[in-house]
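Report on one structure; see the data block that follows.
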Amino acid sequence: MFILQNQANFDTVHPYMDKKFVPQDHEKQLYSFWEQAGYFNAKADSTKEPFCIILPPPNANADLHVGHAMYVYEDVMIRYQHLKGKEVLWLAGADHAGIETQFVYEKHLKKQGKSRFDFDRKTLFADIWDFVMKNRDTMENQLRTLGFALDWSKKKFTMDPDIVKIVYKTFKHLHEEGLVYRANKLVNYCTSCGTSFSDLEVVDLEITGKLYHIKFPIKGGGDITIATTRPETYFGDVAVMVHPKDERYKNFIGKTVVLPLIDREIPIISDEYVDPEFGTGAVKVTPNHDINDFEIAKRHNLTYPPVIGFDGTMINTNLVDGMKVADARKKIVTMLEEKGYMEKINPHEMVLKKCYRCNTTLEPLPKEQWFINVEPLKKQAIKLVEDDTIQIHPKRFKKQLIQILENFIDWNISRQIVWGIQIPAYRCQNSKFQNLKSKQIKNPKSQNNNWFVSVDPPISCEICGECEFVQDEDTFDTWFSSAQWPFATLKNGENSTLFDKFYPTTVMETGYDILRAWVSRMIMMGYFETKTVPFQHVFLHGMVRDAKGQKMSKSKGNVINPLDVIQEHGADALRAALIFGTKEGGDVVLSDDKIKSMRNFGNKLWNVGRFLEMNEIETSPLRRNVGDPLLKGGPIPKDLPFKGSTLNRAEGSGLGGGMLKELQKEFNSVQKEYHDNFKKFQFAKAFDLMYEFVWHRYADYYIEQLKEDIQNGSIDTLASMQEVFDSSLMMIHPYMPFVTEALWKARKGQETSILDHQFS
RNA sequence: GGACGAUUAGCUCAGUUGGUUAGAGCGUUACAUUGACAUUGUAAAGGCCACAGGUUCGAGUCCUGUAUCGUCCACCA
């Protein structure tokens, strides 16, 4: 007997199919076949009911990780709806991933002994662009390897000119509506990355720090002890603050404190913000380096220049200028101790804010930035989620999403990095006109009306009409463009029929970890710009964990590379392992054993098909004389007719008897449950069902009966068995597309495709 | 401090309107096997379903409380 090694030879060799299903022999060819035949390309002018998912665009700066393989849920939905006969669009894309990419690229530069400061803006941007385009190709081919039925003909990149234009338009609209404003506020600034972040990009690190108790002398005698975790910032203090009702300090209010070592004088004020129970009940107020103090100082009209610069060194202290913050702290603490100002230092549980990217301790620093006023946007978004205009699956995430939206604060969208979409805001340089009202900008929150926004590069200053305006050097927070992804991808120029056909999209499928950063913002921005929801359903998947249930991380060394898995066991096995026996939205434990068992299932399917095919050939009048050594268990009657369904036949023994009816009944109920599960977004359950049915009922039970029939000389039930198997293949196809398609082709001809058929 | 999840076989996990004998994968034990598949089949062992109350004819499932673990959010001079 032949062993089939190569798909290409299949038709010429055909020895009852290969004994094993070898994914490596099939997957690549099958994907090319699908892609080239255009099975994944959606038609905007189709009359069929639309079903649309926009792929969460992977970052175009690195290989895919196993988390990306979880997008298999999208492929499951897409392929299922395709087999349901819908006009299906799964739009491919890639994200420029601003800070992430720049960070990755800077690591590259560092290896070559260079840094971002060695290049001008234009060169750096061009270099990163090339770097990203290379990675993007790799990433896209990896998505193909996973078998994803993506429409590549409509693929988008977040920095495509038409996308950028849409992002600009949205910004302009927001500006016109007064929902974007420029303000000088404290922002989370990473002195290493050299950019500010929004509050979402901050990682809280709990540590046992120190609470310093420092004695501040009071003018005219006595002193007051304040408690602080940041002694080095007292150079920038504008006041000492106590609670108005605190008996201990009542008489101190209004007096003046002389700051140690520098002898600058600041008042003692009162504010209800102070918690008398904490520390000493007396707080120093440092407006430029503490978010709360910033607001308090504003209330009390107190100002002082910052004492930490954007490079992370001290300024304006007249004592430790130029020193790094950490060094300055050490020196100041020593000096205060020497002079007797340090009363005591207590251990203190506290939270350090770290850069999520490079782990540097973030500095709150005052900076003029663009902010989005999210209040009206989030109100609308909450409503859409609450009244189920957007349905969240699994349901438990609905509450979490609402809570996230409720807690949203104004969103800083300015980033001081090169790699990104440059903000289309321009500053009027003409000092004469700075106080003039802008022509068309109604922007009540902005104090800076010398800015104007323009989608296309302006020819002249839209404020004074004459000056050499300059464009804001900053780029948008990546999430600002990502938030517009569902409509931006569909709504480009001449192709807007796509938008008409497929928007609002049907499902947004993504990990629950970016509910806050992405999903919530897509709802806000999507509704603002299109006046309708960006998607009707949100389906959230969990995180992939290792065999022991631990989070995967490079430092633990337990990271699973999806491509290695595919190389070894095939894409079907990986896909199935991520879904089988899981709960929607729950974390997935991925072990080698599980992947192998799913590979075994693929092989089981293959062999069921092989068994049917062998018998088909043996019993077919046309091919009867092929002969096969494997089928010598019993004499195959040569004159038995083999044609048509016998599902309703009740006579005879084995399958030909009541058994066949039993199969039909059982399969009907399996089909119903399967489709019900899809309606309820319970994809794992539908797959578990098929696994159980095909392996333990169809193969272990019914096929064993069929064998008996063949032995007994009655093989005319084969056709009925094949019908059930074909339908089962279609039902499994969304999960394991390769082996099911390979089987289809093997049994029905290489020119056929399972994707040409629909569920009956 | 708030919200959400988890706690079921040796391990990792399913079990969504409460209903015979609680399941799967892997592992373990015994047997089978040139016959579609050893990436197999048959069978077996293995569970007080975290704990304590409650509702019910009936609870792994619903309610209340407790414990442990995890995630998210808020606060943090």
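Letters go in sequence order (proteins before strands), and every chain restarts at 1. Note that this is a predicted model, so its numbers are computed, not measured.
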Starting at [atom1] of [X] and ending at [atom2] of [N], how long is that distance when rounded to a whole Å?
X        : N     : atom1 : atom2 : result
A/Asp592 : B/G25 : CG    : P     : 17 Å
A/Leu515 : B/U71 : CG    : P     : 17 Å
A/Asp572 : B/U39 : CG    : C1'   : 14 Å
A/Asn677 : B/G15 : CG    : P     : 11 Å
A/Met614 : B/C37 : CE    : C1'   : 11 Å
A/Glu206 : B/C72 : CD    : P     : 11 Å
A/Asn615 : B/G35 : CG    : P     : 14 Å
A/Phe693 : B/A24 : CZ    : P     : 17 Å

Quick one: does NZ or CZ of A/Arg396 land under 6.0 Å from the six-membered ring centre of A/Tyr512, within 45 degrees of the ring axis?
-> no
Taking for each residue the nucleotide of RNA chain B with the nearest heavy atom, is it A/Ile404 or A/Lys353 whose nucleotide lies nearer the 5' end?
-> A/Ile404
Decide yes or no for [X] and [Y]: does some side-chain heavy atom of the first lie under 4.5 Å from some side-chain heavy atom of the second?
X        : Y        : value
A/Pro287 : A/Leu302 : no
A/Phe681 : A/Gln391 : no
A/Val559 : A/Val66  : no
A/Val694 : A/Lys604 : no

Rounding to the closest angstrom, what is the interatomic distance between [N] and [M] at atom [atom1]?
N     : M     : atom1 : result
B/G47 : B/A32 : P     : 28 Å
B/C72 : B/C62 : C1'   : 26 Å
B/G27 : B/A22 : P     : 25 Å
B/U12 : B/C4  : P     : 27 Å
B/U17 : B/U21 : C1'   : 23 Å
B/U16 : B/C57 : C1'   : 24 Å
B/A36 : B/U42 : P     : 15 Å
B/G23 : B/A9  : C1'   : 10 Å

Are there any protein N/O atoms within less than 3.5 Å of an N/O atom in nucleotides 61-65 of chain B, and if so, which ones and at what distance?
none

Classify [X] by what it touches in the nucleic acid, base, sugar-phosphate, or nothing, heavy-atom distance under 4.0 Å.
X        : value
A/Tyr234 : nothing
A/Leu211 : sugar-phosphate
A/Val285 : nothing
A/Ser591 : nothing

Find every protein N or O atom lying less than 3.5 Å from an N or O atom of nucleotides 40-44 of chain B, and list the pairs.
| unit_1 | atom_1 | unit_2 | atom_2 | d |
| --- | --- | --- | --- | --- |
| B/U40 | OP1 | A/Asn600 | ND2 | 3.1 |
| B/U40 | O3' | A/Lys604 | NZ | 3.4 |
| B/G41 | OP1 | A/Trp695 | NE1 | 2.1 |

Under 4.0 Å between a side-chain N/O of [X] and OP1 or OP2 of [N], yes or no?
X        : N     : value
A/Lys707 : B/A36 : yes
A/Tyr691 : B/G23 : no
A/Arg516 : B/C73 : yes

Assess the side chains of [X] and [Y]: does a donor N or O sit below 3.5 Å from an acceptor N or O?
X        : Y        : value
A/Asp271 : A/His300 : yes
A/His393 : A/Glu584 : no
A/Glu666 : A/Tyr702 : yes

Candidate list A/Arg329, A/His289, A/Glu363, A/Lys284, test side-chain hydrogen bond (donor to acceptor under 3.5 Å, both in side chains), partner A/Thr233, passing option = A/Lys284
Spacing of A/Leu515 atom CG and A/Gln403 atom CD [to the nearest 0.5 Å] | 10.5 Å
Per the 3.5 Å Watson-Crick/G-U criterion and a run length of at least three, the stems involving RNA chain B are B:1-7 with B:67-73, B:10-13 with B:23-26, B:28-32 with B:40-44, B:50-54 with B:62-66
Base versus backbone protein contacts along nucleotides 3-14 of chain B [heavy-atom cut-off under 4.0 Å; B, S, -] | SSSS-----SSS
Report the C-alpha distance between A/Phe580 and A/Met598 in whole Å, list the side-chain angles of each, state the deciding distance to 0.1 Å, and finish with yes or no for side chain to side chain contact (heavy atoms under 4.5 Å, CB included).
-> CA-CA 8 Å; A/Phe580 183 77; A/Met598 289 301 116; 3.4 Å; yes
A/Ile214: which of A/Thr228, A/Asp223, A/Thr225 passes side-chain contact (heavy atoms from CB on, under 4.5 Å) = A/Thr228
Who are the ring-ring contact (aromatic ring centres under 6.0 Å, His included) partners of A/Phe539, not counting sequence neighbours?
-> A/Tyr73, A/Phe683
Residues 197-210 of chain A side chain polar contacts: donor-acceptor under 3.5 Å, at least two apart:
| unit_1 | atom_1 | unit_2 | atom_2 | d |
| --- | --- | --- | --- | --- |
| A/Ser198 | OG | A/Leu200 | N | 3.2 |
| A/Ser198 | OG | A/Glu201 | OE1 | 3.1 |
| A/Glu201 | OE1 | A/Ser198 | N | 2.9 |
| A/Glu201 | OE1 | A/Arg415 | NH2 | 3.0 |
| A/Asp204 | OD1 | A/Lys353 | NZ | 3.2 |
| A/Thr208 | OG1 | A/Glu349 | OE1 | 3.4 |
| A/Thr208 | OG1 | A/Glu349 | OE2 | 3.0 |

Just wondering, are more than 12 heavy atoms of other shown residues or ligands nearer than 6.0 Å to NZ in A/Lys748?
-> yes
Pairing of A/Asp18 and A/Lys20 as salt bridge, 4.0 angstrom limit = no
